[in-house]
Amino acid sequence: MSNNASIQIPNVALNDGGAIPQVGTGTLFAKGNELADLLAQAIRAGYRLLDTAAQYANEGAVGEALRRSGVPRSEIFLTTKVAGMDQGHHLTRRGLLESLRRLNTDYVDLLLIHWPNPSRGLAVETWAEMLELQAEGLVAHVGVSNFLRHQIEELHAATGVWPVVDQIQLSPALARTELRAFLSDKGIIAQGWRPLGGKEQPMAQIITGKIARRLGVDTSQVVLRWAVQQGAVVIPSSRNPARWRSNADLFGFELTAQDLVDLATLDLGEDAAWDSTKHEEW
Ligand SMILES: NC(=O)c1ccc[n+]([C@@H]2O[C@H](COP(=O)([O-])OP(=O)(O)OC[C@H]3O[C@@H](n4cnc5c(N)ncnc54)[C@H](OP(=O)(O)O)[C@@H]3O)[C@@H](O)[C@H]2O)c1
């Protein structure tokens with residue numbers, strides 16, 4: 001967190017030699033001027049990792065938040081994503097240049113392929129172009145989102161480069177155990193989207209409440225700590241400034257091995273996740 005804030009967010013190492021803050025903020029909690037204002041406040045409060053996407057149609061407001069925050073660009077870890085319609089040779093480059101213009105910056109820290117969209121078969125071409133953009137300094141790190149094991153292996157087989165992160169839906173209710181074991185084996189960080197669990201409501205479960213009461217923390221902190229303690233990066237989002245601090249305050253307590261066993265009972269299994277062999281986004 002920032003100088004006069006008490007919470008420190010540690011970095012975790014990336015497989016390319018870089019590092020990423022272990023907690024960041026999503027940007028889907030507001031729009032337009034309200035987003036620019038709230039996000040600037042969140043940055044000033046200490047958040048450094050920001051997660052946007054061309055598809056969110058909010059990059060302009062995110063760029064404005066960066067400007068309003070007054071925090072130097074070099075202190076921010078900015079992620080955006082290649083939209084489905086921008087996959088493929090030349091299009092990926094054009095998409096990134098448009099994102100950079102909207103974000104009012106000359107590089108992003110992390111560029112992800114938003115969804116694999118297998119029906120188009122353009123993920124490898126897109127990945128190869130992202131590596132060129134990285135070599136040119138327009139992108140510091142490259143990764144993917146919503147990719148399954150075989151889809152990541154295909155990128156590696158074609159280029160010899162593993163992504164630094166796979167941003168996946170992740171919470172105790174969608175534990176993605178097998179996929180995370182593969183990611184961990186390859187040194188790829190699992191980055192959890194919807195880490196508070198959405199409609200699956202892991203915060204509302206009896207076991208979560210019990211653990212939270214014992215530790216004297218919020219149920220939301222138990223759910224986020226579950227991911228962080230296993231090495232994941234999380235990007236919770238809230239339009240409520242009162243929640244920003246607790247969503248980042250995950251490093252002063254620990255879940256026991258038994259807590260992890262108990263929380264594992266909440267896992268609904270891989271079938272409850274979006275199926276990235278079929279679900280596509282543009
Ligand atoms: N790669 C992808 O395909 C993908 C897909 C979806 C999302 N994402 C990214 O992931 C980010 C986070 O996901 P998300 O926004 O869907 O889910 P989330 O962050 O898990 O949950 C947000 C919801 O939780 C509430 N909340 C936040 N903090 C809370 C707390 N401490 N206690 C109780 N409720 C709390 C928020 O309400 P209040 O605002 O009222 O606090 C909001 O309704 C997004 O902003 C986006 O950047 C990526």
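One-based numbering, in listed order, for ligands and for the atoms of each.
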Neighbour count >12 (heavy atoms, 6.0 Å) for atom [atom1], [X]:
| X | atom1 | answer |
| --- | --- | --- |
| Glu178 | CD | no |
| Lys186 | NZ | yes |
| Trp274 | CH2 | no |

Closest to [atom] among [options] (heavy-atom distance):
| atom | options | answer |
| --- | --- | --- |
| atom 3 (O) of ligand 1 | Val144, Leu170, Asn146 | Asn146 |
| atom 38 (P) of ligand 1 | Arg243, Arg194, Gln167 | Arg243 |
| atom 15 (O) of ligand 1 | Gly24, Ala53, Ser237 | Ser237 |

[X] neighbourhood, listing ligand 1 atoms whose heavy-atom distance to it stays under 4.0 Å:
| X | value |
| --- | --- |
| Thr27 | 45 (O), 47 (O) |
| Ser145 | 1 (N), 2 (C) |
| Gly26 | 11 (C), 44 (C), 45 (O), 47 (O) |
| Ser220 | 30 (C), 31 (N), 32 (N) |
| Trp115 | 3 (O) |

With a cut-off of under 6.0 Å to the ring centre and 45° to the axis, is Arg73 in cation-pi contact with Tyr107?
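Yes, a cation-pi geometry.
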Please report which non-hydrogen protein atom sits nearest to [atom], along with the residue it belongs to and the distance in Å to one decimal place.
| atom | result |
| --- | --- |
| atom 39 (O) of ligand 1 | Arg239 N, 2.9 Å |
| atom 20 (O) of ligand 1 | Leu196 N, 2.8 Å |
| atom 6 (C) of ligand 1 | Trp193 CE3, 3.2 Å |
| atom 47 (O) of ligand 1 | Asp51 OD2, 2.7 Å |
| atom 28 (N) of ligand 1 | Asn247 ND2, 3.0 Å |

Whether the Gln221 and Ser246 side chains hold a donor-acceptor pair (N or O, under 3.5 Å, no angle test) is what I'd like checked.
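No, Ser246 and Gln221 have no side-chain donor paired with an acceptor closer than 3.5 Å.
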Note, [X] side chain near [Y] side chain (heavy atom, < 4.5 Å):
| X | Y | answer |
| --- | --- | --- |
| Arg48 | Ile9 | no |
| Leu39 | Phe29 | yes |
| Ile20 | Leu110 | yes |

Quick one: look at Thr52 and ligand 1, take heavy-atom pairs under 4.0 Å, and tell me if it's side chain, backbone, both or neither.
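For Thr52, no heavy atom sits under 4.0 Å from ligand 1.
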Residue portion contacting ligand 1 (non-hydrogen atoms closer than 4.0 Å) for Ser238:
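Both backbone and side chain.
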Hey, does Ile235 sit under 4.0 Å from ligand 1 if you only count heavy atoms?
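It does, in that a heavy atom of Ile235 comes within the 4.0 Å cut-off of ligand 1.
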Does the residue Gln221 have a heavy-atom contact with ligand 1, meaning some pair of atoms that are separated by less than 4.0 Å?
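Outside the 4.0 Å threshold, so no.
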Polar contacts were defined as any N/O atom of the residue lying under 3.5 Å from an N/O atom of the ligand; does this apply to [X] and ligand 1?
| X | answer |
| --- | --- |
| Pro195 | yes |
| Pro236 | no |
| Tyr56 | yes |

Cationic N near anionic O, under 4.0 Å, [X] to [Y]:
| X | Y | value |
| --- | --- | --- |
| Arg93 | Glu132 | yes |
| Arg214 | Asp259 | yes |
| Asp37 | Arg68 | yes |

State whether any protein heavy atom lies less than 4.0 Å from atom 43 (O) of ligand 1.
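No, because not a single protein heavy atom sits under 4.0 Å from atom 43 (O) of ligand 1.
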Specify whether Trp162 and Phe182 have parallel, tilted or perpendicular ring planes, treating 30° as the upper limit for parallel and 60° as the lower limit for perpendicular.
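Perpendicular: the ring planes of Trp162 and Phe182 meet at over 60°.
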Nearest 0.5 Å please: distance from the CG atom of Asn146 over to the NE2 atom of His279.
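Answer rounded to 0.5 Å: 7.5 Å.
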